[in-house]
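To start, the structure itself, in structure tokens.
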Amino acid sequence: MDESKKRLVQRLIRRIPTKMLKTTLEKWGHLTGEQLRAMDSIQSKWALTESLLAICEENELAVKHLTELEMIYMIDNPDQGMWYAFQLTDPGDDAQSVDLMQFKEQFKSHLREIVRQVSVKIKKHTDEAVWIRIAWGDTYSRPDHLKPTYVVHYLQTPYVFVTRLNSKQKPILFQAMVLSTRYQYFKDANLSGRNLTAIRDLLMRKYQQVFPTKYPSPLTERKQTVTNPHVEREQAKPAANRLQMACEAFGGGTLPQLQSAVYKLETKFRDHTNTLMTEREEPFRCVVKFSSTNLLESLKNCASSGIASTPVTPLLSSIPLKGKNYFVITDNGPGPSSQRRQTQN
């Protein structure tokens, strides 16, 4: 077995947890029952790697078979890195008629016209998502399967989700996507996160959520503990009002799990005690970032509990309403960024 295959096997075994390895190998379908049982009895990562290398040699498995194994694991466990959302715009008349076979053929064709050395694997998932794995090379080097780009696209929708894409590869991928989907442009959706399901549901409005402007009656706090009746009566109305305002801003159900929201400030400095800064023509620039394991739920709880003031500022309520978590704030008010930060590996 050549060195590239060995390194790919080593990387796969390191990434796949031992408890998930058997299930993933079964889905892969390239091992016999006896080989699966032999792998199941091994515990150490080093021994698992050596055993899989020997099986790959025995079964004459190529790199394309190993990339299939990686795709199976990635599809089942998509939260492996930072995902960035993009949106196709200005569809052509035949954009809605593009089927999977057309998309696969044209995407590979367009990409290979631009990049001489590239490996592309496309697989449709059960939830209708088309998963694309791209190993990039160039004129002088073969595709690097250790640093692939993953793209998730739902056919007949304008939404695309990408991870592990650098600035050099970005325009190449965008051009191939535009040409193969019959759209005119490809733009940043200003939404990113480590949970692919969360940003997909937020952007595509797949989660069950309603954002009314007014609730017909005040909502009651759930799981309240009765302590003192007089204190409870005194606090009931403010608590109900806070909960109402929090639900008006974020909705009443479970929210998608985002990890961060970024606000880039480009505003004039205003302070009558500092004329030097105030009289500057250049705007004052800074970046504010909110981070949490579940940012939207945290913001909602802060508002309903009274930790944060209500009504909730539109800067925060815009995250679920607009399906974005990256904003540029100017003197004219918040708006989406015209030029998003570069996607990194």
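Bear in mind the structure is a predicted one, so any value in this text is a computation, not a measurement.
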When you look at I122 and K108, which way does the side-chain contact (heavy atoms from CB on, under 4.5 Å) test go after all the steps? CA-CA 9 Å; I122 299 176; K108 290 180 179 180; 4.1 Å; yes

Minimum heavy-atom distance between [X] and [Y], given as atom pair plus value:
| X | Y | result |
| --- | --- | --- |
| V98 | S180 | CG1-O, 3.8 Å |
| L202 | G323 | CG-CA, 4.0 Å |
| P143 | Q117 | CD-OE1, 3.8 Å |
| P171 | S167 | CD-O, 3.3 Å |
| L66 | C56 | CD2-SG, 3.8 Å |

Just by distance, do the side chain of [X] and the backbone of [Y] share a donor-acceptor pair under 3.5 Å?
| X | Y | result |
| --- | --- | --- |
| S260 | S291 | no |
| H110 | F107 | no |
| K324 | A261 | no |
| Q102 | D99 | yes |
| Q257 | L255 | no |
| Q175 | I172 | no |
| Q184 | P91 | no |
| W83 | P78 | yes |
| N166 | K168 | yes |
| D79 | L196 | yes |

A quick test of your reading: do over 12 heavy atoms of other residues, nucleotides or ligands sit less than 6.0 Å from [atom1] of [X]?
| X | atom1 | result |
| --- | --- | --- |
| K45 | NZ | yes |
| D94 | CG | yes |
| R112 | CZ | yes |
| E50 | CD | yes |
| R285 | CZ | yes |
| K121 | NZ | yes |

Kindly state whether the ring of F327 and the ring of Y263 have centres lying under 6.0 angstrom apart.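 That pair passes the under 6.0 Å test.
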
Taking the six-membered ring for Trp and the full ring for Phe, Tyr or His, determine whether the centres of F103 and H153 are under 6.0 Å apart.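 For F103 and H153, the ring centres are under 6.0 Å apart.
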
Once you round to the nearest 0.5 Å, how far does [atom1] of [X] lie from [atom2] of [Y]?
| X | Y | atom1 | atom2 | answer |
| --- | --- | --- | --- | --- |
| K206 | L203 | NZ | CG | 11.0 Å |
| W136 | L165 | CH2 | CG | 6.5 Å |
| Q259 | M82 | CD | CE | 7.0 Å |
| T67 | I72 | OG1 | CD1 | 10.0 Å |
| L179 | S109 | CG | OG | 9.5 Å |
| L299 | L258 | CG | CG | 10.0 Å |

State plainly whether one hydrophobic cluster holds both [X] and [Y], where clusters connect Ile, Leu, Val, Met, Phe, Trp and Tyr through side-chain heavy atoms under 4.5 angstrom apart.
| X | Y | result |
| --- | --- | --- |
| V288 | L316 | yes |
| M277 | L265 | no |
| I114 | L173 | yes |
| V328 | V287 | yes |
| F86 | V130 | yes |

Side chains of [Y] and [X]: any donor to acceptor distance under 3.5 Å?
| X | Y | result |
| --- | --- | --- |
| R7 | H145 | no |
| D138 | S141 | yes |
| Q106 | R182 | yes |
| E68 | H30 | yes |
| D188 | Y326 | no |
| S4 | D2 | yes |

Among Y183, Y84, Y185, F186, exactly one meets ring-ring contact (aromatic ring centres under 6.0 Å, His included) together with F174. Which residue is that?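 Exactly one candidate clears the test, F186.
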
Trace of the side-chain contact (heavy atoms from CB on, under 4.5 Å) decision for N77 with Q80: CA-CA 7 Å; N77 305 272; Q80 300 295 313; 3.6 Å; yes

Does any part of the side chain of [Y], heavy atoms only, come nearer than 4.5 Å to the side chain of [X], both counted from C-beta?
| X | Y | answer |
| --- | --- | --- |
| R270 | K268 | yes |
| Y159 | R200 | no |
| P256 | I199 | no |
| P320 | L296 | yes |
| M39 | L25 | yes |
| V160 | V151 | yes |
| L315 | I329 | yes |
| M71 | Y150 | yes |

Answer yes or no: is there an ion pair linking D40 with K22, defined by an N-O contact shorter than 4.0 Å?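 Looking at K22 together with D40, the answer is yes, because their closest N to O distance falls below 4.0 Å.
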
Test log, rule side-chain contact (heavy atoms from CB on, under 4.5 Å), inputs L8 and K5: CA-CA 5 Å; L8 188 53; K5 281 196 268 188; 5.6 Å; no

Report the C-alpha distance between T278 and H272 in whole Å, list the side-chain angles of each, state the deciding distance to 0.1 Å, and finish with yes or no for side-chain contact (heavy atoms from CB on, under 4.5 Å). CA-CA 7 Å; T278 302; H272 67 279; over 6 Å; no

Give the table of side-chain donor-acceptor pairs shorter than 3.5 Å for residues 9-20, with sequence neighbours excluded, one pair per line with atom names and distance.
unit_1 : atom_1 : unit_2 : atom_2 : d
R11    : NE     : L146   : O      : 3.1
R11    : NH1    : E70    : OE2    : 2.6
R11    : NH2    : L146   : O      : 3.2

